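One structure is given below, encoded as structure tokens.
Just the heavy atoms: all of them, side chains too, but no hydrogens, waters or symmetry mates, feed the values below. Predicted model, so just to flag it, every value in this text is computed and none were measured. This chain uses plain numbering: 1 for the first residue, then up along the sequence.
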Amino acid sequence: MMLIPTHHFRDIERKPEYLQPEKCVPPPYPGPGGTMWFIRDGCGIACAIVTWFLVLYAEFVVLFVMLIPSRDYVYSVINGVLFNLLAFLALASHCRAMLTDPGAVPKGNATKEFIESLQLKPGQVVYKCPKCCSIKPDRAHHCSVCKRCIRKMDHHCPWVNNCVGENNQKYFVLFTMYIALISLHALVMVGFHFLHCFEEDWTKCSYFSPPTTVILLILLCFEGLLFLIFTSVMFGTQVHSICTDETGIEQLKKEERRWAKKTKWMNMKAVFGHPFSLGWASPFATPDQGKADPSQYVV
């Protein structure tokens with residue numbers, strides 16, 4: 001029998017009878033329409049609400065402080081349409097990342113029937129999670145917040161109140177990209193607005209008083225700069241993880257690579273869908289993840 005080093009974060013069992021499947025409750029049978037995925041975590045829900053509030057605050061300042069009072073209607077229309085489109089795509093991506101099952105392993109599937117269906121051969125190893133009583137596929141990790149094992153879990157993000165995993169990584173990448181774009185767009189408009197107001201009377205630059213206008217613009221500038229840096233770094237980190245086909249947890253724990261190496265383009269298509277199209281940039285286009293392979297549960 002081939003020896004495999006014991007991993008600190010997994011229970012490695014070599015024979016089905018050692019898994020104690022009789023102690024596991026079979027997973028509930030899902031309804032016809034399935035169930036909506038939502039994590040009931042107070043911190044995550046608060047962070048998600050703050051995210052929406054900050055986007056809506058930026059929307060308010062851009063529209064009612066800078067664009068609507070402007071006498072250049074072409075400038076207002078073009079920038080208003082562009083900013084609102086990016087904001088809509090950012091919030092739609094946020095919803096998809098938050099409400100999409102990231103790739104949760106069925107809870108309590110370490111049953112005798114399921115183990116027998118794997119048809120284990122001598123020397124094969126299966127991984128059991130003692131926390132959610134499930135047989136873990138390769139590259140799955142347990143999330144203490146979601147209380148589930150997640151396939152290809154990258155990390156748990158409180159800003160989307162969900163794990164970033166196999167099924168929702170595309171939406172998280174789009175969320176960071178669109179937030180970075182609207183942050184950059186807002187900063188550029190704030191810069192032009194300050195230049196315009198310095199050249200003309202401040203009372204004609206906004207419907208609000210000059211002190212209120214300056215405070216609102218400074219707060220938007222601070223918010224835009226902060227989130228531009230944060231989301232740009234997250235976007236770059238996620239794209240690098242996708243291209244190298246190595247999740248954030250796997251990089252952090254320096255796990256030994258046991259999966260086949262593919263090209264960067266193939267890894268991108270595995271996350272965003274095949275073939276390349278405008279759907280890659282759409283949070284409404286669901287990439288084809290394919291069906292789960294039973295062999296992924298054994299090594």
- request: Assign the ring pair Phe230 / Phe227 to parallel, tilted or perpendicular, where the plane angle (0 to 90°) is split at 30° and 60°.
  value: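 The rings of Phe230 and Phe227 stand perpendicular, inter-plane angle above 60°.
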field: Atom pair SG (Cys143) and CD1 (Ile39), whose distance is rounded to the nearest 0.5 Å
entry: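 Rounded to the nearest 0.5 Å, the SG-CD1 separation comes out at 7.5 Å.
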message: Among residues at least two apart in sequence or on other chains, which ones pass side-chain hydrogen bond (donor to acceptor under 3.5 Å, both in side chains) with Glu223?
response: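 Partners of Glu223 under the side-chain hydrogen bond (donor to acceptor under 3.5 Å, both in side chains) test: none.
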- request: Apply side-chain hydrogen bond (donor to acceptor under 3.5 Å, both in side chains) to Thr244 and list each qualifying residue two or more places apart in sequence or on a separate chain.
  value: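 So Thr244 forms no side-chain hydrogen bond (donor to acceptor under 3.5 Å, both in side chains) with any residue.
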Qualifying side-chain hydrogen bond (donor to acceptor under 3.5 Å, both in side chains) pairs with a residue from [range], counting only residues at least two apart or across chains:
{"range": "residues 51-61", "answer": "Trp52-His94, Glu59-Asn84"}
{"range": "residues 265-277", "answer": "Lys269-His274"}
{"range": "residues 173-191", "answer": "Asn79-His185"}

task: Take atom CZ of Phe88 as the centre, draw a 6.0 Å sphere, and report whether it contains more than 12 heavy atoms from other residues, nucleotides or ligands.
output: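 Open.
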field: Other residues, nucleotides, ligands: >12 heavy atoms within 6.0 Å of Phe53 CZ
entry: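 Counting other residues, nucleotides and ligands, CZ of Phe53 stays at 12 neighbours or fewer.
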Would a distance-only check, ignoring hydrogens and angles, find a side-chain to backbone donor-acceptor pair under 3.5 Å from [X] to [Y]?
{"X": "Ser76", "Y": "Leu67", "answer": "yes"}
{"X": "Arg96", "Y": "Pro283", "answer": "yes"}
{"X": "Asp101", "Y": "Ala104", "answer": "yes"}
{"X": "Asp41", "Y": "Cys146", "answer": "no"}

Side chains of [X] and [Y], heavy atoms from C-beta outward: is any pair under 4.5 Å?
{"X": "Met268", "Y": "Phe276", "answer": "no"}
{"X": "Leu217", "Y": "Met66", "answer": "yes"}
{"X": "Thr212", "Y": "Tyr207", "answer": "no"}
{"X": "Pro287", "Y": "Phe272", "answer": "no"}
{"X": "Met153", "Y": "His142", "answer": "no"}

Minimal non-hydrogen separation, [X] against [Y], with atom names:
{"X": "Lys128", "Y": "Cys133", "result": "CE-SG, 4.5 Å"}
{"X": "Asn161", "Y": "Gly44", "result": "OD1-CA, 3.3 Å"}
{"X": "Gly248", "Y": "Asp154", "result": "N-OD1, 2.8 Å"}
{"X": "Ala90", "Y": "Ile179", "result": "CB-CD1, 3.9 Å"}
{"X": "Lys170", "Y": "Ser282", "result": "NZ-O, 3.1 Å"}

- prompt: Can you check side-chain contact (heavy atoms from CB on, under 4.5 Å) on Val271 and Val173, steps first, answer last?
  reply: CA-CA 10 Å; Val271 173; Val173 172; 5.7 Å; no
- prompt: Any side-chain donor paired with an acceptor under 3.5 Å for Asn162 and Trp37?
  reply: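 Trp37 and Asn162 do have a side-chain donor-acceptor pair below 3.5 Å.
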Arg148 and Ser134: side chain donor to acceptor below 3.5 Å: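 Side-chain D/A pair, Arg148 to Ser134: absent.
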- request: Using the side-chain contact (heavy atoms from CB on, under 4.5 Å) rule, take Val105 and Lys136 through it: C-alpha gap first, then chi angles, then the decisive distance, then the call.
  value: CA-CA 7 Å; Val105 179; Lys136 300 169 69 171; 5.7 Å; no
field: Chi angles and distances behind the side-chain contact (heavy atoms from CB on, under 4.5 Å) call for His155, Phe172
entry: CA-CA 11 Å; His155 69 287; Phe172 182 75; 3.8 Å; yes
- request: Please determine if Asp245 and Lys152 form a salt bridge, counting it only when a charged side-chain N lies under 4.0 Å from a carboxylate O.
  value: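 Here Asp245 pairs with Lys152 in a salt bridge, since their nearest N and O are under 4.0 Å apart.
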field: Non-neighbouring partners of Glu246 that pass salt bridge (charged side-chain N to carboxylate O under 4.0 Å, His left out), sequence neighbours left out
entry: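 Residues passing salt bridge (charged side-chain N to carboxylate O under 4.0 Å, His left out) with Glu246: none at all.
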- prompt: Among Leu216, Leu220, Val62, whose side-chain contact (heavy atoms from CB on, under 4.5 Å) with Val190 holds?
  reply: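 When Leu216, Leu220, Val62 are each tested with Val190, the side-chain contact (heavy atoms from CB on, under 4.5 Å) holds only for Leu220.
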